[in-house]
Amino acid sequence: MALDFSSMEAKWQKAWYDARINESEPAPDTKKFFMIFAYPGVTGYLHVGHMRGYTVADAIVRHKMMTGHRVLFPVGTHATGNGAISFARRVERNDPATVDILRANGCSDETMKRLTDPEEVVRFFNDIYLNDYWKGFGFMSDWRRFTSTIYPDYTKFIEWQMLKLKANGLLTQKPYFAPACVEHGPVAIDASETDISRGGDAEVLEYTVLKFDLKDGRKLVAATLRPETVFGLTNFWVNPEVEYVDARVGEETWIVSRPAVEKLSLQMDSVEIVGSANGASLMGKRCTAPLTGKAIPIFPSLLCDPEVGTGLVMSVPSDAPADWIGLVELKRDVVEREKYGITEAMVAEASPIAIIDTPGYGPLPAVEVTERLGIDSLDDERLGEATKEVYKTGFHKGVMNRSCGEFAGWQVEQAKDAVRGQMLESGHASMFYDLSEEVLCRCGNRVLVKKIPDQWFIDYSDPGLKERSKEHALTMRIFPREYYDNIQNVIEWYRERACVRLGNWLGTRFPIDRRWIVEAIADSTLYPIHYVTSRFVSEGMVAAENMTEEFFDYVLLGRGTPVDVESATGVGRSVLDSIRAEFDYWYPLDVNLGGKEHMTVHFPVFLMNHVAVLRPQHWPRGIIVNWYITATGGKISKSKGGAQPIPDAAERFGVDAMRLFYAHIASLYVDVAWEDSKVESYRDRLERTWSFIGDLLSVEDRGPTEMDAWLAARMQSRLAGLEGYMEVYDVRSYSNDVFFEMAQDFKWYLRRGGGSAEAILGALRLWIPLMAPVTPHLAEQLWERIGMRPFVSTVILPEAELSEAAAAAEAGERLVASLVEDISEILKVTSIRPSRIILMAAPRWKHDLVARAVASADKNIDVGQLIKETMKSAPPEAKREIPTFAKEIAAEFSRAPVDERRRTHATVDELKTLGRAGRFFSEQFGCEVQTFSADDPARVDPKGRAKHARPGRPAVYVE
RNA sequence: GCGAGGGUAGCCAAGCUCGGUCAAAGGCGACAGACUCAAGAUCUGUUCUCGUAGGGGUUCCCCGGUUCAAAUCCGGGCCCUCGCACCA
């Protein structure tokens, strides 16, 4: 029977949600498990990669449910920011890529018109995430609790959170320099280009602006990353072809490029253009350097880019290859020089001054490196590489030399800050921030660095908060282990973090100053709590406007009296108390699962905000980090559209096949490339499982056999192993056992002659539920097929029972299986077509000896004692062999750990086991099989192999 | 630069925390056999190498060390990936 995955999925999803088995209700005396995955941002369609973490979370939750927990596994979306706004704008201007993606995902023209409104975009994707993705994958999620960060109740919750942070002294204010679009305010610069359309790799560079005095009182202003090189200044570069301007900055008049004025005006007060300054007119004049007071000549250089820094450059030819080559060219180019009246002597005067001792270089690294590489022109593209090399070594390893006045002997890194500090103080320098490359906002405007004088921060540098968070993290269950260790460092490095932003954004108004909107990370750290309260909102028991500070103080912090809070909020006491009770039941959060991108941002602030705001009993208990599913050629890009729409993939491969793919393809903690063929092979595996179970069900009932006990024992030991895996959320090993190893168990059972319908059914009643966490739809279908009702998803798994008898049954089969391997090996190597196989179990005395050794296994084995004791009961003909064998066993035992010795030497009646398996061996190898004990006088042993027999390893003779 | 992670057989990927159960799970691919008119699917077996007796040899990026014993521990090297903050 072929499986129709799609209809099977629809059938069971409807059945589950109709029966509301996904809804979370507290049950005070029952264990609970509360898990979330970090909700996705609403910036477009998700791709198949995103479903990995979500699916693993669902499998964990389903398993918890099946081990007797009440589970809470809510979902929501993060709509804060400008993702939805920019999406709406792209729809509005018919951006081809956006329209294509919408079309490819089956969006109608009519719907598309609606999507010019950001709030509609959020609604649209909320609906898709919820229905197409999460319900479509059969998640055991309580849909009543769905929330989104722009819902009124959510924003009330965030207001409360900010008030608590303020009250706890964790909000601070100070100036901040942020990348911003002139129209849309601050934007994020990141490689995935969420806010921007170009320049995702740009960095904010911290320039020091140095002021060089001209005789007429104006100042030439150069921006540099290396202020400490001021000691090596020889000249100043001005581009003669650029029109500079005189800008009034405070009390001073600066000469800078026109674009620089715009940038400066975003970072300094009262910047105003008051005149123009022709670059050419400055040539050959002198200006006075800050700090050193040295007068240096002004030379022409076409390399000064008006878009970079101030458009003017100071020249340090000793350590800047471009400056050195600039001088070399200028000296050579007589025509250019004479045009500006610059004599050769003036150029000669500007020869390099050694200022930094750089390991591996002589006094003038820039000169040295350009000579070595044979660079003698500013057009040489290797100049950049040369600069990088000299700068890197010089900055990190260099030491300031004698020419550097009071800084002589300083490490360059330290000198930089000190030199800058001194010049800033004396008014010879200012700070200036600029981007390393051009960045464009999604709206098309240029992104520049803007000073925000009164930016609010959450103070994650607070030592007390850090300490408590780090200590708490040590008590948490954090996976993988590497992150458990590293989160300590991450918290340690954390400093204050901007938590509100200006501009046109979706999000919560900052309650302390409503001009600001709470920033996208600050509003998504404490939110698991809100899944408790959101249900009461969606069921109409509380309205957003009632969710005041007193309300949350009461239900989340246990503050205030019911009477006061009822009158302050208008919420009835019984409702208040049931919310509070539910919060106390579900909290703390047991696991927060999220992608590896959260390791240095979301997870630490998630933890620290809990510690900052909540009482210790409500701090989170666990974190799981998942790595990515990538496209075969690289990252599946969210902003640029996923490879295939999730519903299409679900339709093509089947949801359970995808779920098994996510669960089994690799450890959660490595990246995995998505491959259609892999997913298909998992689908095939599920189909085979389906038909194999069909075979099992139609096995001709042969009644009870010895194998039934083995099968039952096997199921129990599998169960025990599986519980162990899930204890550490190892869904992969769990899937491997359930979907691959356990099928092998059934096959072995049949191969060994098992065939009891009752035993098979009994085992299936365990196997099928074990599949349910990973492939719930198929498991339900199978459950129904074996006549069970109503849901496999609500079955409570038994606890594993491990008995001595079961262990013996398993050990017996291990013996048989390893004998099959050994015999096959012998036949393969010898190319014998066997006519008879003789198996000889180890003699009694060897078993006795091993048993004695095992009994004393915790201690060191006394070989002499072992020999003596064995001698007492051993038959006379064995006595010569005893010492050798005893030594072998002792040596073997000394190498293996204690429980290992026990396991390999579990008590098995070998002769009996072999006897029973005789017919099986005979069928396997198509010949007569005889079994003896190695000390049976009646044994048939032409080649004398009996002496090779050892416990666990019977002797074999083939002919 | 700062920080983190990784390099395992044809490919993917377990194992490494707690050294011996490891020639190293599982999957994919390949090969052979069964079934079939055939193909596909499925099932069985093989898949480092040598071997007419269950064994030997050489392997887990490279070099060195610790140890009776190292894929696993330590030191050094080469290469790769990721994060670095207002993107969740």
Side-chain angles (χ1 to χ4, degrees), chain A residues 38-43 77-78 80-83 176 178-179 186-196 200 203 392 395-396 413 455 457-458 460 480-483 485-486 489-490 493-501 519-522 524 594-602 604-605 627-628 638-639 664-667 669-673 675 677-678 681-682 684-685 687-688 691-692 695 730 732-733 735-737 739-741 744 747 751 818-819 821-832 891-892 894-897 899-901 903-904 943 945 948 953-958:
Chain A
Y39 51 15
V42 184
T43 51
T77 62
H78 186 256
T80 308
N82 82 342
Y176 182 64
V187 295
I189 294 181
D190 67 292
S192 65
E193 304 191 335
T194 317
D195 291 352
I196 55 181
E203 290 175 84
K392 201 166 140 181
F395 183 68
H396 293 284
E413 278 188 84
Q455 173 69 50
F457 294 84
I458 297 175
Y460 292 117
R481 170 68 200 226
E482 288 76 12
Y483 186 54
D485 294 333
N486 192 231
N489 300 321
V490 177
W493 303 324
Y494 248 77
R495 37 179 219 259
E496 59 274 274
R497 196 184 160 97
C499 63
V500 294
R501 59 202 304 180
E519 178 275 328
I521 288 166
S524 53
K596 64 178 176 180
E597 75 277 20
H598 293 104
M599 288 195 289
T600 49
V601 185
H602 171 254
V605 295
W627 266 238
Y628 299 146
K638 186 160 119 184
S639 61
H664 184 258
I665 186 70
S667 143
Y669 317 127
V670 298
D671 290 334
V672 170
E675 282 177 59
S677 65
K678 288 269 166 69
S681 82
Y682 282 106
D684 292 347
R685 163 64 58 174
E687 279 174 350
R688 271 183 274 163
S691 71
F692 177 57
D695 295 345
D730 184 355
R732 176 181 204 273
S733 298
S735 307
N736 199 54
D737 264 26
F739 292 91
F740 296 93
E741 303 293 348
Q744 288 305 316
K747 283 180 185 162
R751 189 173 161 196
S818 74
L819 254 182
E821 276 174 35
D822 280 353
I823 297 169
S824 303
E825 172 91 4
I826 292 168
L827 295 180
K828 186 183 143 202
V829 170
T830 59
S831 313
I832 295 174
E892 185 183 302
S894 70
R895 284 190 305 240
D899 28 331
E900 175 53 28
R901 297 175 215 169
R903 194 144 24 98
T904 36
K943 289 271 172 74
R945 306 236 180 247
H948 297 302
R953 194 122 203 235
V956 178
Y957 171 69
V958 180

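Here is how names work: the chains are called A, B, and so on, in the same order as the sequence lines, proteins then strands, and each is numbered from 1. In this text the structure is predicted, and so the values were computed from the model without any measurement.
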Between B:G40 (C1') and A:Asp684 (CG): distance, integer Å
11 Å
Tell me which nucleotide among B:A14, B:G54, B:C84 gets nearest to the side chain of A:Thr600.
B:C84
Quick one: look up who B:C82 pairs with, Watson-Crick or G-U, both distances under 3.5 Å, and put none if it's unpaired.
B:G3
Got a donor-acceptor pair under 3.5 Å from the side chain of A:Asp822 to the base of B:G54?
yes
Looking at the side chain of A:Leu819, which of B:G3, B:U44, B:G54 is the nearest nucleotide?
B:G54
Options B:G54, B:G51, B:A14, nucleotide nearest the side-chain atoms of A:Arg953
B:G54
Would you say the rings of A:Phe739 and A:His664 are close, in the sense that their centroids are separated by under 6.0 Å?
no
Counting only Watson-Crick or G-U wobble pairs whose two distances fall under 3.5 Å, which nucleotide matches B:A71?
none
Ignoring the backbone of A:Ala666, work out which of B:C43, B:C12, B:A13 is nearest its side chain.
B:A13
Under 4.0 Å between a side-chain N/O of A:Ser667 and OP1 or OP2 of B:A14, yes or no?
yes
Look at A:Arg481 and B:A4 and indicate whether a side-chain polar atom (N or O) is within less than 4.0 Å of OP1 or OP2.
no
Just to confirm, is there a sub-4.0 Å distance from OP1 or OP2 of B:A41 to any side-chain nitrogen or oxygen of A:Arg685?
no
Nucleotide nearest A:Arg497 (side chain, heavy atoms from C-beta), chosen from B:G26, B:G54, B:A85:
B:A85
Give a yes/no on whether any side-chain N or O of A:Arg688 is located under 4.0 angstrom from OP1 or OP2 of B:C43.
yes
Looking at every strand, decide which applies to A:Pro604 at a 4.0 Å heavy-atom threshold: base, sugar-phosphate, or nothing.
nothing
Go through B:G27, B:U42, B:G54 for me and flag the one nearest to the A:His664 side chain.
B:G27
